[in-house]
Amino acid sequence: MQEPKRTSSPVLLEVKGLEVAYGKAKVIHGIDFQVRQGEFVVLLGRNGAGKSTTLHALCGLIPKQAGSVRFKDRDISRLEPRAIVREGIVNVLEGHRVFTGLTVEDNLLIGTYAKKSGGDKSKLERIYDLFPEIGERRHQLASRLSGGQQQILAVGQGIIADPQLLILDEPSGGLAPIVVDRILKVAKELCRSGIAILLVEQLVREALKFADYCYLVETGRIGGQGTSDEVRSGELIQRIYLGS
């Protein structure tokens with residue numbers, strides 16, 4: 001398959017021939033994709049297509065059966081999750097995963113620990129500028145935040161870790177569209193500063209509004225790819241989601 005034209009920025013992440021199995025059941029069948037520096041890439045597909053499994057495998061959270069993951073032209077396929085974070089890949093998992101027994105500020109400081117000992121408070125104001133609603137609650141327990149605010153806090157944890165690639169796994173889960181829109185707008189701003197975004201999202205229209213490039217995942221394989229405009233106007237996305 002010939003890859004449609006995309007940005008000329010250097011390749012940051014390259015996944016080749018990725019295969020994942022749960023027991024004897026193979027769920028990812030040789031997925032290939034790239035993310036370039038400062039690029040906003042989205043993986044689209046129906047529930048169960050293998051999008052989140054792909055993210056977990058490339059981040060070392062589940063074992064790979066085959067394939068390679070290269071980041072900044074270095075093979076990181078066998079690295080542990082903590083080492084992958086230190087390389088510059090941060091994965092914001094779905095489901096508002098924050099430490100509810102800690103304050104908002106302590107949750108954010110945890111995001112700085114992977115790259116240096118102790119917290120770095122100098123980075124906090126940047127997060128509070130991006131998301132004033134959690135800045136106003138910095139000394140409250142995370143358990144007192146709404147679901148949307150907890151998701152924003154989880155994204156803040158990812159940003160404060162200074163990633164070169166920020167992975168967002170289903171940030172829209174259970175949230176109001178206005179909250180999702182704000183999170184994706186911030187992600188787009190990060191791209192302009194050189195940070196790459198890899199997004200898995202069920203809200204297709206919202207994702208295509210912000211993404212530069214899209215891969216369509218179909219039963220553990222890449223079923224198509226293209227710029228957001230190409231995908232939006234083509235028939236592939238109808239086949240993936242509607243089975244037409």
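Computed from a prediction, not measured in an experiment: that's the story for all the values here. Numbering of residues begins at 1 and proceeds along the displayed sequence.
- Summarising the geometry of L108 relative to Q157, their closest heavy-atom pair is CD2-N, 3.7 Å, with the distance given to 0.1 Å.
- For the pair K188/D212, a side-chain contact is recorded, criterion being any heavy-atom separation below 4.5 Å from C-beta on.
- Applying the side-chain contact (heavy atoms from CB on, under 4.5 Å) criterion to Q149, with sequence neighbours excluded, gives R137, L145, S146.
- Between Q164 and F71 the shortest side-chain heavy-atom distance falls below 4.5 Å.
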Give the C-alpha distance, both sets of side-chain angles, the deciding distance and a yes or no for side chain to side chain contact (heavy atoms under 4.5 Å, CB included) between D162 and K123.
CA-CA 9 Å; D162 282 339; K123 299 177 182 177; 3.0 Å; yes

Pair V27, Y22 - check side chain to side chain contact (heavy atoms under 4.5 Å, CB included), show working.
CA-CA 7 Å; V27 293; Y22 293 124; 3.8 Å; yes

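- Taking CG from L43 and NZ from K51, the interatomic distance works out to 8.5 Å, rounded to the nearest 0.5 Å.
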Between side-chain atoms of residues 55-67 and protein atoms elsewhere (two or more places apart, or another chain), which donor-acceptor pairs fall under 3.5 Å?
| from | atom 1 | to | atom 2 | distance (Å) |
| --- | --- | --- | --- | --- |
| K64 | NZ | A57 | O | 2.8 |
| K64 | NZ | S77 | O | 3.1 |

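- Scored by the side-chain contact (heavy atoms from CB on, under 4.5 Å) test, D229 finds T227, R232 as partners (sequence neighbours excluded).
- The minimum heavy-atom distance linking G101 with L141 is given by the pair O-CD2, 3.4 Å.
- When all heavy atoms are compared, the tightest approach of I159 to P163 is O-CD, 3.5 Å.
- Y128 and V155 fall within the same hydrophobic cluster, where Ile, Leu, Val, Met, Phe, Trp and Tyr residues are linked whenever their side-chain heavy atoms come under 4.5 Å apart, directly or through other members.
- Every salt bridge (Lys or Arg N to Asp or Glu O under 4.0 Å) that R138 has, sequence neighbours left out, goes to E125.
- Residue-environment remark: NZ (K209) exceeds the threshold of 12 foreign heavy atoms within 6.0 Å.
- Side-chain contact check for V42 versus V200: every heavy-atom pair is 4.5 Å or farther apart.
- Side-chain contact, Y213 with E39: no donor N or O sits under 3.5 Å from an acceptor N or O.
- E80 is linked by a salt bridge (Lys or Arg N to Asp or Glu O under 4.0 Å) to nothing, counting only residues two or more places apart in sequence or in another chain.
- Using a 4.5 Å heavy-atom threshold, the side chains of L165 and I195 count as separate.
- In this model, a donor atom of one side chain and an acceptor atom of the other lie less than 3.5 Å apart for E201 and S172.
- Under the 4.5 Å side-chain contact rule for hydrophobic residues, V35 and V11 do not share a cluster.
- Atom-to-atom distance recorded for L199:CG and E170:CD is 8.0 Å, nearest 0.5 angstrom.
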Are R46 and E218 close enough, and set up right, to give a salt bridge (charged side-chain N to carboxylate O under 4.0 Å, His left out), and what steps lead you there?
CA-CA 8 Å; R46 287 184 288 184; E218 186 177 20; 5.3 Å; no

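- By the 4.5 Å heavy-atom criterion applied to side chains, R70 and L13 are not counted as neighbours.
- For the side-chain contact (heavy atoms from CB on, under 4.5 Å) test, residues two or more places apart in sequence or in another chain that qualify with S9 are T7, R36, Q37.
- Using a 4.5 Å cut-off on side-chain heavy atoms (C-beta onward), L124 and L109 make contact.
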Mind running side chain to side chain contact (heavy atoms under 4.5 Å, CB included) on I89 and I167 for me, showing each step along the way?
CA-CA 7 Å; I89 299 176; I167 299 175; 3.7 Å; yes

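- Under the ring pair (Phe, Tyr, Trp, His ring centres under 6.0 Å) criterion, the residue pairs touching residues 25-47 are F33-Y215, with sequence neighbours excluded.
- Partners of R78 according to the side-chain contact (heavy atoms from CB on, under 4.5 Å) rule, which considers only residues two or more places apart in sequence or in another chain, do not exist here.
- Across A154 and V98, no two heavy atoms sit closer than the pair N-CG1, 3.9 Å.
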Donor-acceptor list for residues 129-136 side chains, cut-off 3.5 Å, not counting sequence neighbours:
| from | atom 1 | to | atom 2 | distance (Å) |
| --- | --- | --- | --- | --- |
| E133 | OE1 | R182 | NH1 | 3.1 |
| E133 | OE2 | R182 | NH1 | 2.3 |

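- Distance CD1/I222 to CG/L18: 9.5 Å, rounded to 0.5 Å.
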Derivation of the side chain to side chain contact (heavy atoms under 4.5 Å, CB included) call for C214 and V41
CA-CA 6 Å; C214 308; V41 173; over 6 Å; no

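- No side-chain heavy atom of R97 sits less than 4.5 Å from a side-chain heavy atom of Q151.
- Separating the CD atom in Q150 from the CZ atom in R144 is a distance of 12.5 Å, to the nearest 0.5 Å.
- Applying the 6.0 Å contact sphere to NZ of K72 captures more than 12 heavy atoms from other residues, nucleotides or ligands.
- Inter-residue side-chain proximity for V217 and I31 is flagged as met; some heavy-atom pair is nearer than 4.5 Å.
- The shortest non-hydrogen separation linking I127 to G156 is CD1-O, 3.8 Å.
- To the nearest 0.5 Å, atom CG of residue L153 and atom CD of residue E105 are 11.0 Å apart.
- For D169, there are no salt bridge (Lys or Arg N to Asp or Glu O under 4.0 Å) partners at least two apart in sequence or on another chain.
- Taken to the nearest 0.5 Å, the CD atom of Q225 stands 9.0 Å off from the CG atom of D32.
- Taking every heavy atom of both residues into account, A161 and V90 meet most closely at CB-CG2, 3.8 Å.
- Taking the side-chain hydrogen bond (donor to acceptor under 3.5 Å, both in side chains) definition, one finds that S228 meets it with nothing, sequence neighbours left out.
- The closest donor-acceptor contact from the side chain of N107 to the backbone of T103 lies under 3.5 Å.
- Qualifying salt bridge (Lys or Arg N to Asp or Glu O under 4.0 Å) partners for E189, counting only residues two or more places apart in sequence or in other chains: none.
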